[in-house]
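To start, the structure itself, in structure tokens.
Letters A, B, ... mirror the listed sequences (proteins, then strands); counts begin at 1.
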Amino acid sequence: MSNDLDTELDTDETAIDPQETETINLITAVNRTLHQEMDRDESIRLLGYDIGPLGGVYRGTEGLLAEFGDKRVIDTPLSENGIIGTAVGMAMRGERPVPEIQFMGFFYPAFGQFMYAVVKMYKRTGGALELPMTIRIPYGGGVKALEYHQESTETYFIHTPGVRVICASTPAQTKGLLAASIRTVDPVIFLEPKKIYRGVDEPVPTAAYTLPLNKARIVQTGSDVTVLTWGAMVQQAQAAATDVDADVEIVDLRSLSPLDIETILDSVSKTGRCVVFHEARRTLGLGAELSALINEYALDRLKAPIKRATGYDVHFPGHDIEDDYLPDDDRVRYAIEAVMSYEF
Amino acid sequence: MAHEMWTEERPPEDFYRILDPNGELQTDPPELDEEELLKLYRTFIATRILEEKMLNMQRSGEVSLVARTLGEEATPLGCAAALQPDDWIFYTYRQTPALLYWKLPMVEVIASATGREPETIAEQVDTEDTPVNFSPDYTPIGTNVVNGVGAAMTDAFNDRDTVTMVFTGDGSTSQGAFHDGMNFAGVFDVPAVIVCQNNQWAISEPAHRQTGSETFAQKADAYGLPSARVDGNDVFAVYETARTAVERARSGNGATFIECVTYRMGAHNTSDNPNRYRDDSEQRAYWEDRDPVDRYETYLRDQGILEDDTEAELRDGINDQVDDAVERVRSISTSEPERMFDTILHGESWRERHQRAELHRELNDMNPFVDFTGEGFDE
């Protein structure tokens with residue numbers, strides 16, 4: 001089978017042509033990407049519920065049914081295990097399904113197919129069977145939603161070998177990373193930060209392009225402290241960085257699994273301080289792994305303990321206090337100030 | 001210590017039957033010529049000889065686990081024989097006759113039971129294209145139903161006349177994945193045939209602990225699928241029913257669910273001890289009288305299609321084939337430990353590279369924990 005993954009992984013980011021852009025938000029970037037990829041490759045089918053006439057509860061698939069028909073934009077029964085399981089069957093037959101799980105908290109019924117088929121088929125066939133499929137999942141809180149509509153449970157996916165876990169943080173990042181995810185031969189969990197679906201507009205190239213699936217992004221360089229983050233928290237980290245007495249380097253991980261460990265260690269080795277900033281619960285959140293990695297490979301470069309500005313180890317709380325649960329620019333600012341103030 | 005045993009309930013026998021347990025026709029047989037009839041017989045015998053051999057290999061530690069088809073062979077055989085080249089089979093375990101009928105090399109069947117890393121087998125066993133396409137085998141029950149239906153959806157959407165056949169068991173019907181697959185099959189009118197190989201036992205649990213339904217076939221009603229219920233030990237009835245379902249699927253009229261009523265004569269697998277949970281001496285005699293191979297053999301002999309010398313010749317040929325496959329399996333080397341890192345994702349990540357190096361050091365009596373910079377190891 002063709003494997004052009006390596007070239008896609010190494011896509012040069014200067015391929016983004018700033019001359020031809022449109023200013024759009026993140027969910028529109030999702031929509032544009034799906035449209036362009038489906039135009040490019042007839043083997044791409046979308047599956048999910050409410051993705052047809054409704055265009056998705058967040059409108060990510062708006063207009064695609066009319067453009068591509070009901071054999072390529074498939075409203076399914078309300079069955080996550082059925083959506084992922086039938087997508088696996090399609091990928092087994094050489095297609096590239098792009099299933100949508102409406103909310104991350106609805107993924108749990110699909111764990112059977114995820115564990116038994118999605119992440120294992122390539123391994124258990126000794127490499128004979130590839131499963132190119134991109135599972136789109138809106139994740140995260142801050143939208144005043146009902147229970148199971150706000151969580152950030154990427155750890156379950158990251159703990160599992162055989163799948164890439166990708167998270168976009170801006171409209172332009174979304175377009176390039178989603179296209180690359182769809183084109184790669186590996187299964188991908190593609191996390192979309194729904195809190196900022198419509199939060200920020202930015203110029204996005206109108207032409208199709210891909211971004212590397214194996215490289216973290218240095219959002220801004222700095223010399224005092226590294227903030228490791230992704231998704232909706234990237235913006236918050238940028239806001240906090242303007243408000244602290246420190247030169248902050250922000251690393252947008254982009255690939256939560258596998259991690260771009262080289263970039264992470266290089267940055268922390270340079271700054272000597274690190275804050276991990278994520279929405280997920282702290283215990284065994286990705287911050288735990290990042291902290292352990294830095295401890296193992298860069299301990300003697302550290303000028304302060306690593307701090308984790310994260311959610312608490314609780315169920316995602318109700319509307320009235322969700323802002324107190326969610327890490328925000330204040331929480332990350334405190335963490336930055338704490339590591340800056342520490343002296344061995 | 002006294003164990004409570006399950007009491008078995010015989011399923012209703014008002015199912016479709018062509019060849020009765022005495023090998024006598026109750027109605028017209030399928031239109032199969034002598035060559036095809038002998039191919040079915042040969043596959044029956046090949047399954048028994050191969051699985052007996054694998055059982056012995058398990059006892060000597062050469063293969064890790066064997067789940068035999070003993071007593072249920074007519075179900076996967078009759079179903080598979082109803083397919084055409086280029087069709088698909090999504091199988092679990094206890095479908096050996098379906099594999100052999102469509103020429104999956106015995107070496108692959110045995111090798112997959114050795115517990116070796118799949119890459120090692122793939123590299124050292126020449127895989128051959130089979131006339132029908134096989135999914136990988138499936139261990140977690142129910143999983144293959146959804147995947148098979150998804151595969152069949154691509155045939156429906158692309159207007160291909162390929163048919164997908166999915167094998168499940170009585171226990172599988174309790175899984176959510178079974179429901180998910182059946183539900184999608186009904187909604188999308190997929191060209192699939194879903195077979196319930198009801199051998200009445202799921203390890204230690206009898207069929208009446210899997211469902212309150214009188215039959216498994218009736219489950220199809222809830223999904224808008226037609227169903228059939230057949231004597232799963234009558235290869236003619238199974239074949240005829242499957243053939244009708246396959247034709248229906250191929251002509252674009254959607255999926256069918258077939259319950260084949262049979263009986264698991266042996267243990268669930270070589271790790272199981274049925275004496276702890278079933279006292280089936282009475283049932284056993286009952287089902288031995290209904291053996292799928294015996295009745296078919298009686299029929300062939302009555303018809304003058306099979307005689308002693310042809311049977312002996314056929315058995316000799318199969319024995320040679322099995323022996324040859326076993327020799328080839330024995331020649332497969334064990335896996336290099338680093339194989340565990342193969343074929344997980346494309347492209348090598350930092351983590352994979354580093355952990356390969358750690359394992360390599362451990363295997364070579366070097367400390368794998370002495371990288372303190374992340375730059376790797378000086379050897």
Side-chain angles (χ1 to χ4, degrees), chain A residues 3 5-6 9 45 47 71-72 74 76-77 79-95 97 109 112-113 115-117 119 121-130 161-164 184-186 213-214 255 257-262 265 269 293 296-300, chain B residues 88 90 117-123 127 133 135-140 142-158 160 162 164 175-177 179-181 183-184 186-188 190 339-352 354 369 371-375:
Chain A
N3 177 10
L5 175 99
D6 288 337
L9 288 176
R45 284 181 214 282
L47 299 85
K71 292 176 180 173
R72 296 191 63 198
I74 306 162
T76 66
S79 163
E80 288 77 14
N81 202 47
I83 292 166
I84 301 303
T86 51
V88 167
M90 292 176 183
M92 288 171 80
R93 299 293 301 275
E95 301 199 340
Q113 283 294 326
M115 297 301 295
Y116 295 147
V119 300
M121 205 61 89
Y122 181 49
K123 175 69 186 176
R124 71 194 301 282
T125 60
L129 191 57
E130 294 165 334
V163 64
R164 292 181 181 277
T184 188
V185 287
D186 295 321
L213 296 180
N214 62 347
S255 176
S257 182
L259 289 166
D260 176 6
I261 294 172
E262 207 163 357
L265 293 179
S269 296
L293 270 171
E296 284 179 294
Y297 300 112
L299 181 70
D300 58 0
Chain B
W88 278 76
F90 280 68
E117 279 287 281
E119 295 87 352
T120 302
I121 296 171
E123 267 180 18
T127 52
N133 303 284
S135 73
D137 63 326
Y138 280 84
T139 312
T143 307
N144 65 329
V145 184
V146 201
N147 296 165
V149 169
M153 284 168 75
T154 68
D155 292 323
F157 293 146
N158 290 309
R160 290 187 293 245
T162 313
T164 297
Q175 286 282 339
H179 164 82
D180 296 326
N183 195 36
F184 275 62
V187 168
F188 293 102
V190 300
R339 295 238 85 143
M340 69 178 80
F341 294 104
D342 292 352
T343 58
I344 290 179
L345 290 174
H346 294 78
E348 191 183 52
S349 65
W350 187 100
R351 184 56 103 185
E352 180 188 329
H354 206 274
F369 296 108
D371 174 13
F372 296 104
T373 63
E375 285 164 8

Legend entry - Contact leader toward chain B among A:Ile261, A:Thr76, A:Asp300, where contacts are heavy-atom pairs under 4.5 Å: A:Ile261
Legend entry - Mutual orientation of the aromatic rings belonging to B:His346 and A:Tyr122 [parallel < 30°, tilted 30-60°, perpendicular > 60°]: parallel
Inset, instruction - Check each atom of A:Leu299 against the heavy atoms of chain B and say whether the ones under 4.5 Å are side chain, backbone, both or neither. - result: neither
Inset, instruction - Look at B:Ala156, B:Pro140, B:Ser349 and state which one has the largest set of heavy-atom pairs under 4.5 Å with chain A. - result: B:Pro140
Legend entry - Residue among B:Thr120, B:Ile344, B:Val187 with most heavy-atom pairs under 4.5 Å to chain A: B:Ile344
Legend entry - Gap between atom CD1 of B:Ile121 and atom OG1 of A:Thr125 - 0.5 Å precision: 11.5 Å
Legend entry - Qualifying residue for side-chain contact (heavy atoms from CB on, under 4.5 Å) with A:Arg93, from B:Thr164, B:Asn147, B:Asn133: B:Thr164
Inset, instruction - Rounded to the nearest 0.5 Å, what's the gap from CZ on A:Arg72 to CZ on B:Phe157? Could you check? - result: 11.5 Å
Inset, instruction - Return the option, out of B:Ala151, B:Pro136, B:Ser135, with the maximum number of heavy-atom pairs under 4.5 Å with chain A. - result: B:Ala151
Inset, instruction - Only one of A:Leu259, A:Asn214, A:Leu265 passes side-chain contact (heavy atoms from CB on, under 4.5 Å) with B:Trp350; say which it is. - result: A:Leu265
Inset, instruction - Would you mind telling me which of A:Met92, A:Met121, A:Lys123 has the largest number of heavy-atom pairs within less than 4.5 Å of chain B? - result: A:Lys123
Legend entry - Contacting region of B:Phe90 [heavy-atom separation from chain A under 4.5 Å]: side chain
Inset, instruction - Measure A:Arg45 against the heavy atoms of chain B and call it side chain, backbone, both or neither at under 4.5 Å. - result: side chain
Legend entry - CD (A:Glu296) with more than 12 external heavy atoms under 6.0 Å: yes
Legend entry - Heavy-atom contact with chain B under 4.5 Å, split by part of A:Val163: backbone
Inset, instruction - Find the distance between OG1 (A:Thr184) and CG (B:Leu345) and round it off to the nearest 0.5 Å. - result: 8.5 Å
Legend entry - chain A contact via B:Glu352 - which portion, at a heavy-atom distance below 4.5 Å: neither
Inset, instruction - Say whether B:Asn158 and A:Glu95, considering side chains only, have a donor N or O and an acceptor N or O under 3.5 Å apart. - result: yes
Legend entry - Region of B:His354 that comes under 4.5 Å of a non-hydrogen atom in chain A: side chain
Inset, instruction - Using a 4.5 Å cut-off on heavy atoms from C-beta on, say whether the side chain of A:Ile74 contacts that of B:Phe188. - result: yes
Legend entry - A:Leu293, part contacting chain B, at a heavy-atom distance under 4.5 Å: side chain
Legend entry - Whether A:Arg124 side chain and B:Asp137 backbone form a donor-acceptor pair below 3.5 Å: yes
Legend entry - Shortest non-hydrogen contact between B:Phe184 and A:Thr86, atoms and distance: CD2-CG2, 3.5 Å
Inset, instruction - Report the distance from atom CZ of B:Arg351 to atom OG of A:Ser257, rounding to the nearest 0.5 Å. - result: 10.0 Å
Inset, instruction - Identify which of B:Asp342, B:Val149, B:Asn144 forms the greatest number of heavy-atom pairs closer than 4.5 Å to chain A. - result: B:Asp342
Legend entry - A:Ser79 to B:Asp180 - nearest heavy-atom pair and separation: OG-OD1, 3.0 Å
